[in-house]
Amino acid sequence: MEFYTPEYNEKKIKELELALSKEVLATKNFIDLSEIETSTREKFLVKNMGDLTFDASRHCISSKAIKIAKEIFDEVKAKEFLEAIWSGKVVNKTENRRALHPALRAPKGSFFPTSISDEVHAQRETLFKVSESIRKGELRSFSGEKYNSLLALGIGGSDLGPRMAVKALSPYTGSIDLRFVSNIDPAELSNQIHDLDPKNTLVIVSSKTFTTLETISNANAAFNWMAKSISEDGAKFQRLAVTANTNNAKNYGLKDNQIIKFSNWVGGRNSIWSSVGLPLAIAIGQKKFEEFLAGGFSVDNHVKDEMINSIPSLMAILGYIHRNYIGSSSHCIVPYDTNLSYFPSYLQQLEMESNGKSVSINDDFIKSHSAPVIWGLVGTDSQHSFFQMLHQGSDNIPVDIMVARSSTYESENITQRHRMLVANALGQAEALFRGKKNKIKHKNFDGNRSVSLISYNKLSPYRLGSLIAIYEYKVIIQAALWKINPFDQFGVELGKEFANALINNEKNAFGIKTDTLDKFLKLK
Ligand code: F6P
C-alpha cells in the first residue's frame, strides 16, 4: 500500500499566513466592506449544488482574505490529500490505514479502486438483504413473530450516525420502533427497554472493534433482560452484530449468519454509509437508503469537479480563518429543523474527534490552533438560550444556520408555521450580521458576526446524505490546512485506561491508589 507523505514549502506557507493575518486585521468594519465589495462577494461566497445553497455572504471576512487562504489551500496540498484518499493511499499513517469511506456511497464503476468498489458492493448487498427481510417480516423472532421493535446498541460513530439519521428522516420511517442506547449509564438502557416487548425485539450490536466497554456491557445487559423474559436460546437468536472484527463477534457468541461486516478502513465517525447504517436502512428501506447514499455521492463529485471552489472548501477556509486569524474558539451549528436535533452532536464528534489534535501528519507539533469547539442546538429553541451570547457576547462565534424551504410535513397550518420558522432563521442571520447601533450600550448590537446560511428545498434522504458529506469534506480540508491526520483518535485512549484501572482495582496503575473507586463510592 502506498503512503501519503506530503512535502510542504514552509517558507511560502509562512509568508501567506502573515499576509492573511495582516488582511484580517485590516478588515475592521465589515458592513462598509460589503458595500465596497457587493459585486464580487456573491461570486465568492454564494454557491449552489442542486437545490442546496451555501450562502456565506454574511461573513466578516474580505474577498482578499479568502484569496490568500486559497493559496494556502494549494500550498498545504489539500487537493493532493483528497486525491490520496480517493485513490486508497494510506492517509492514516498512525494506524496504517486508508480512509476510503467516500467509496461506501459510490455506485459501481465510479472513480474508486475496483477492488474497494467490489468489497463495498458485496457488503451493501448483505446489508440490504438483512434490512429488507426484517422490514418484510421474513426474518422473524425466536417465537416466529414479526419484529416490531429494534434495540440498537453502540457508541460514538457506531451510534451517532444512525441515531441522527433515523431522527432526521423520521417522516420517511416505517412502523418498526427503533431505540438507541449508547451510554454505560444503566439509566439509558432501562429507559429504552421498559416498554419494549422482548418477544418481538431485535438487538443490533454495532461496534467496529467489538471490544468497546459501553457497547459490550449494554449488550450483556440487554441479553440478560431478554433471556430472563423469553429464554437464553431466544436471546441468542434475536441479535445481530455489525462489526469490522468478525472474530471478536464470534468469540462473543454470534454465529456467522448473525454478523454483518464492514471494512477496517471505515472510520467510526464516517461509518453511517456502511453496514453501521443498518438501523437506518431498516427504518427507511433500501430505496430511500440508496437515495441517501446518492446524496452523499453527489458531494464526492462536486468536490472532485470544483475542488478549491467547492462548498466544503469554502466552509473549511472560512472556519480556518475564524479559528486561526479572528480567534474564534468555537463554532455554532443551528439547524432550524427539529428532526436535525442530533446533527450538532454528530458534527461535534465528526469535527472534534477528527481535528482536535496538536501533532501534524508529518509527526511535528502544529504551530497554530486546530479544531474549535463545535456546539449547537435547533432553532428556534436556541434563540431563547444562547443567542444572547451570539449577538452580544465578547466572543465572535461563527454560526451555521440550516433551513429547508419547505417542511417535510404538509398541511396549510404547517406551511404557515414553517414560514415563521424560516423567517426566524433568516431574521437571525441578518441580525447577527448587520447588528443595530444604539447609544444605550446594553441595547447596542455591533453585528459583524459571521453566518453561513445553508438552505435546501426539503430534508429528504438525498439532502441529508449531501449535508453529511459536505461536513465530512469540510473536516478533511481543514485537516489539510492544519496539516493533521483527521482519521485517528489516540486522545480518547488515556481516559479509558484510567477508568479500566479503576474498574479492575489495579494496584498503583498510573499512580492511582488501589481502592480509589470503592472509597469514592462509599462517600455518601
Ligand atoms: O470514541 C472512540 C471511538 O473509537 C470512536 O471513534 C468510535 O466511533 C467509538 O469509539 C466506538 O468504537 P467501536 O465502534 O469500536 O465500538
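We count ligands from 1, going down the list as the structure has it; atoms in each ligand are counted the same way. Residue numbers run from 1 in the order of the sequence given.
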How far is [atom] from its nearest protein heavy atom, and which residue and atom name does that atom have?
atom	result
atom 4 (O) of ligand 1	Gln489 CG, 4.3 Å
atom 8 (O) of ligand 1	Gly157 N, 2.7 Å
atom 15 (O) of ligand 1	Thr209 OG1, 2.6 Å

Does Arg105 form a salt bridge (charged side-chain N to carboxylate O under 4.0 Å, His left out) with Glu472? I'd like the steps, not just the answer.
CA-CA 13 Å; Arg105 51 209 180 213; Glu472 279 186 354; 2.7 Å; yes
Could you check whether atom NZ of Lys199 has more than 12 heavy atoms from other residues, nucleotides or ligands sitting under 6.0 Å from it?
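For Lys199, atom NZ is not crowded (no more than 12 foreign heavy atoms under 6.0 Å).
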Please determine whether the number of non-hydrogen atoms from other residues, nucleotides or ligands lying under 6.0 Å from atom CZ of Phe365 exceeds 12.
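Open.
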Yes or no: does Glu214 have any heavy atom under 4.0 Å from an atom of ligand 1?
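No; Glu214 lies far enough from ligand 1 that no heavy-atom distance drops under 4.0 Å.
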If you look at every heavy atom in Leu189 and Ala222, which pair is closest and at what distance?
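Looking at all heavy atoms of both residues, the closest pair is CD2-N, 4.0 Å.
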I need the Leu340 CG to Lys167 NZ distance, nearest 0.5 Å.
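Taking CG in Leu340 and NZ in Lys167, the distance rounds to 9.0 Å.
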[X] N/O to ligand 1 N/O under 3.5 Å:
X	result
Ser206	no
Lys496	no
Thr212	yes

Within 4.0 Å of atom 10 (O) of ligand 1 (strictly less), any protein heavy atom?
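Flag for atom 10 (O) of ligand 1 set to false, no protein heavy atom closer than 4.0 Å.
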In terms of relative ring orientation, are Tyr346 and Phe343 parallel, tilted or perpendicular, with 30° and 60° separating the classes?
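Tyr346 vs Phe343 ring planes: parallel.
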Ligand 1 versus Val492, non-hydrogen atoms closer than 4.0 Å: side chain, backbone, both, neither?
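Side chain only; the backbone of Val492 stays clear of ligand 1.
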What are the atoms of ligand 1, with element, lying closer than 4.0 Å to any heavy atom of Gly268?
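In order of numbering, the contacting atoms are 8 (O).
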Which atoms of ligand 1 are found less than 4.0 Å from any heavy atom of Glu353?
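Numbered from 1, ligand 1 contributes 1 (O), 2 (C), 5 (C), 6 (O).
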Flag the pair Asn362 / Tyr8 as yes when at least one side-chain heavy-atom distance between them is below 4.5 Å, and no otherwise.
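Yes; the side chains approach each other to less than 4.5 Å.
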Is any side-chain heavy atom of Gln478 closer than 4.5 Å to one of Glu351?
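Glu351 reaches Gln478 side chain to side chain.
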